[in-house]
Amino acid sequence: MTEPFTRVAALPDHVGETVTLNGWLYNARGSKGLRFLELRDGSGLVQVVVNQEAVGEASWEAAASLTQESAFRVVGEVRADERQEGGVEVQAASVEVLALAEPYPITPKEHGVEFLMDRRHLWLRSRRQWAAMRVRNRIIMAIHGYFQGEGYVQMDAPVLTGNAVEGTSTLFELDYFDEPAYLTQSGQLHGEAMAMAHGKIYTFGPTFRAEKSKTRRHLTEFWMIEPEMAFYDLDMNMDVAEELLAAIVEAVTADCQPELAILERDVDALRASAQTPFPRLSYTEAVDLLTSDATQLMLDAEQEGLEDERHALEQERDQNRQAHGQAKKGEKRRIDAREIEINVRLDEIAEGLRNVPQWKASAAAFEWGADFGGSDETILTRHYTTPIIVHRYPAAVKAFYMKRDPEDDRLALGMDVLAPEGYGEIIGGGERATDLDFLRQQVEAHGLPESAFDWYFDLRRYGSVPHAGFGLGLERTVAWVCGLPHVRETAPFPRLLGRLHP
RNA sequence: UCCUCGGUAGCUCAGUGGUAGAGCGUUCGACUGUUAAUCGAAAUGUCGUAGGUUCAAAUCCUACCCGGGGAGCCA
């Protein structure tokens with residue numbers, strides 16, 4: 001529709017024209033007779049220049065009265081200006097206050113995690129959070145674009161279920177008219193039913209895990225994309241996962257340059273991630289790599305690097321502290337800010353130095369048959385620059401519905417995609433078991449109630465065919481693409497252990 | 001559940017037994033091109049809570065509360 005005002009993002013197309021802008025004050029600077037207002041309207045940021053001599057008394061006082069996050073309207077001329085980030089600024093003809101804001105808690109300075117999470121509803125307005133949500137949006141569109149282009153049908157799995165797919169300890173249970181029900185952990189079983197109706201489908205919806213995990217990779221509520229394809233085997237499944245991730249990275253690097261710049265994402269490293277094919281290691285090969293001399297050498301090098309960095313930082317901090325006494329005010333401020341930076345990094349290094357020896361020991365002692373821990377996955381990915389695919393895990397560590405490897409009965413035809421740069425598992429999936437008797441045995445062996453799976457067994461009774469699929473964790477993918485250290489910044493209102501508000 | 005780090009001004013943090021500190025933010029003042037503007041001045045504290053040791057505790061000890069990171073589990 002046609003709007004009666006202009007969006008900041010569209011300003012480069014209106015140079016020389018007079019426009020009306022509606023927005024909020026992101027920050028302000030000024031001197032006598034001249035004020036610079038940073039206007040934020042959701043589509044971007046632009047600097048509005050208010051010259052006392054060029055506007056009326058009312059506009060000048062309106063501009064002077066604006067507090068951070070006050071809503072205001074500006075009418076002014078768009079001018080090209082090389083000094084500005086978007087290449088334009090607006091010379092105000094009039095400024096009108098729409099709503100003065102009370103003192104705003106989130107200043108353009110640094111804040112702690114708890115403080116910001118308690119104000120997530122306001123934090124969303126900040127630049128980095130804004131950029132991350134824009135990238136999330138682009139990723140979502142890229143996922144739909146890929147699947148729709150390949151002929152998949154998007155279908156929704158139920159959120160409320162009676163089935164526990166992978167154990168009951170991590171389910172949110174609720175009362176469904178006097179019957180126990182659960183929030184879904186995965187749409188996969190229903191996805192298989194839908195694939196038998198439509199051939200290729202994907203679900204895109206929320207999933208819930210009541211895991212008491214407090215780590216940078218876990219949410220209790222997260223969005224999962226689960227394609228399921230009839231007549232696909234494990235190799236075809238891996239092809240889909242690889243193409244999907246490459247399409248996501250391609251879309252974001254093509255369309256989200258400004259957002260990635262705000263996030264200070266290393267775009268070259270991200271582009272390298274899109275290079276297909278991704279290395280594919282069997283579980284057995286991955287175990288060999290994990291227990292190899294190459295892994296030990298890599299970790300030794302990492303430890304030395306951390307120790308060198310710690311030494312250099314400690315020297316710098318001592319020198320800064322000596323200089324602090326005679327420093328001028330501005331210099332003191334710089335030294336204080338640097339001290340905080342150094343302390344944060346030293347804490348990270350200390351944690352790394354505690355971790356690396358444990359990682360070394362656990363990697364060297366790893367025995368075939370166990371599942372990979374978080375550190376093992378990190379070590380595997382550090383050997384590569386792109387995501388890697390690990391396939392054919394021991395059946396004992398995988399879900400009951402996985403098909404066995406016909407060449408080795410100990411193995412399941414499962415696969416995980418591990419993202420580079422320490423982001424870890426973003427995809428898990430595999431080829432599904434097709435044989436009814438085998439599935440019955442598996443349900444019993446896993447101690448699951450057979451009655452709850454009767455409808456699922458129907459899929460094997462009525463035209464069972466080879467099929468495969470996987471689940472992609474949206475928030476982990478966003479974290480990786482944005483280079484964010486924690487999944488809590490990848491969802492508008494993340495739900496974590498101990499975090500239900502706002 | 002376990003391990004580990006932390007809680008000091010509105011915010012981010014220094015301060016490790018001897019008078020409670022800095023920067024930012026806020027308020028006031030200066031400044032016509034600033035980019036987290038700059039410069040000057042002012043106000044701002046239950047040092048997480050409760051006990052204990054001591055002439056003296058933000059600092060040492062104990063318990064508890066809250067938060068960060070990690071293990072297990074997983075996307």
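Throughout, protein chains are lettered first and strands after them, A, B, ... in sequence-line order, and every chain is numbered starting at 1.
- Residue A:R216 is in sugar-phosphate contact alone, with no base atom involved, counting any heavy-atom pair closer than 4.0 Å across all strands shown.
- Under the 4.0 Å criterion applied to side-chain N and carboxylate O atoms, A:E302 and A:K360 are not assigned as salt-bridge partners.
- The ring of A:Y283 has its center closer than 6.0 angstrom to the ring center of A:W368.
- Within 6.0 Å of atom CD in A:E264, 12 or fewer heavy atoms from other residues, nucleotides or ligands are found, so the atom counts as exposed in its surroundings.
- A straight line from CZ of A:F208 to C1' of B:A75 spans 14 Å, rounded to a whole angstrom.
- Distance from the side chain of A:R476 is smallest to B:C74 among B:C74, B:G70, B:G25.
- Taking the side chain of A:N27 as heavy atoms from C-beta on, and the options B:C74, B:A36, B:U32, the nearest nucleotide is B:A36.
- Applying the Watson-Crick and G-U wobble criteria (two distances, each under 3.5 Å), B:U62 pairs with B:A50.
- Residue contacts for A:F36: at a heavy-atom cut-off of 4.0 Å it reaches a base atom on one of the strands shown.
- Contact annotation for A:L219: base contact, defined as any heavy-atom pair under 4.0 Å involving a base atom.
- When atom types are taken as modelled, the side chain of A:N237 and the backbone of A:G469 share a donor-acceptor pair closer than 3.5 angstrom.
- Distance, A:D376 CG to B:C73 C1': 14 Å, rounded to whole Å.
- Where A:P103 and A:V487 each meet RNA chain B at their nearest nucleotide, the meeting point lying more 5' is that of A:P103.
- The ring-ring contact (aromatic ring centres under 6.0 Å, His included) search around A:F204 returns A:H144, not counting sequence neighbours.
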Mind listing the side-chain donor-acceptor pairs of residues 48-62 of chain A below 3.5 Å, one per line with the distance, residues two or more places apart or on another chain?
{"from": "A:N51", "atom 1": "OD1", "to": "A:E53", "atom 2": "N", "distance (Å)": "3.1"}
{"from": "A:S59", "atom 1": "OG", "to": "A:V95", "atom 2": "N", "distance (Å)": "3.0"}

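- Between A:R217 atom CZ and B:C73 atom C1' there is a gap of 10 Å when expressed in whole angstrom units.
- When both distances must be under 3.5 Å, the Watson-Crick or G-U wobble mate of B:G10 is B:C24.
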Grab the N/O contacts between the protein and nucleotides 47-49 of chain B below 3.5 Å, and write none if there aren't any.
none

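- In this structure B:U4 sits in a base pair with B:G68, meeting the Watson-Crick or G-U test at under 3.5 Å.
- Residue A:R209 places no side-chain N or O under 4.0 Å from the OP1 or OP2 atom of B:G72.
- Distance A:L496 CG to B:G68 P: 8 Å, rounded to the nearest Å.
- One atom, CZ of A:R119, and another, C1' of B:C11, lie 9 Å apart when rounded to the nearest Å.
- A:D81 contributes no side-chain N or O that, together with a main-chain N or O of A:G87, makes up a donor-acceptor pair within less than 3.5 Å.
- Taking the side chain of A:M224 as heavy atoms from C-beta on, and the options B:A36, B:U34, B:A75, the nearest nucleotide is B:A75.
- Residue-level contact check: A:D416 touches neither bases nor backbone, having no heavy atom under 4.0 Å from any strand.
- Here B:G23 presents its P atom at 18 Å from NE2 of A:H111, a figure rounded to the nearest Å.
- Residue contacts for A:Q84: at a heavy-atom cut-off of 4.0 Å it reaches a base atom on one of the strands shown.
- Between the CG atom of A:L25 and the C1' atom of B:A36 there is a distance of 14 Å, given to the nearest Å.
- No contact: A:D118 has no heavy atom under 4.0 Å from any strand.
- Within 4.0 Å of A:E53, counting heavy atoms only, lies at least one base atom of the nucleic acid.
- Residue A:G424 is classed as having no contact, given no heavy-atom separation below 4.0 Å to the nucleic acid.
- Contact annotation for A:Q68: no contact, since no heavy-atom pair falls under 4.0 Å across all strands.
- Applying the 5.5 angstrom centroid cut-off and the 30 degree plane-angle cut-off, the aromatic ring of A:F222 is stacked upon the base of B:A75.
- Residue A:K214 places its side chain closer to B:G68 than to any other of B:U12, B:C74, B:G68.
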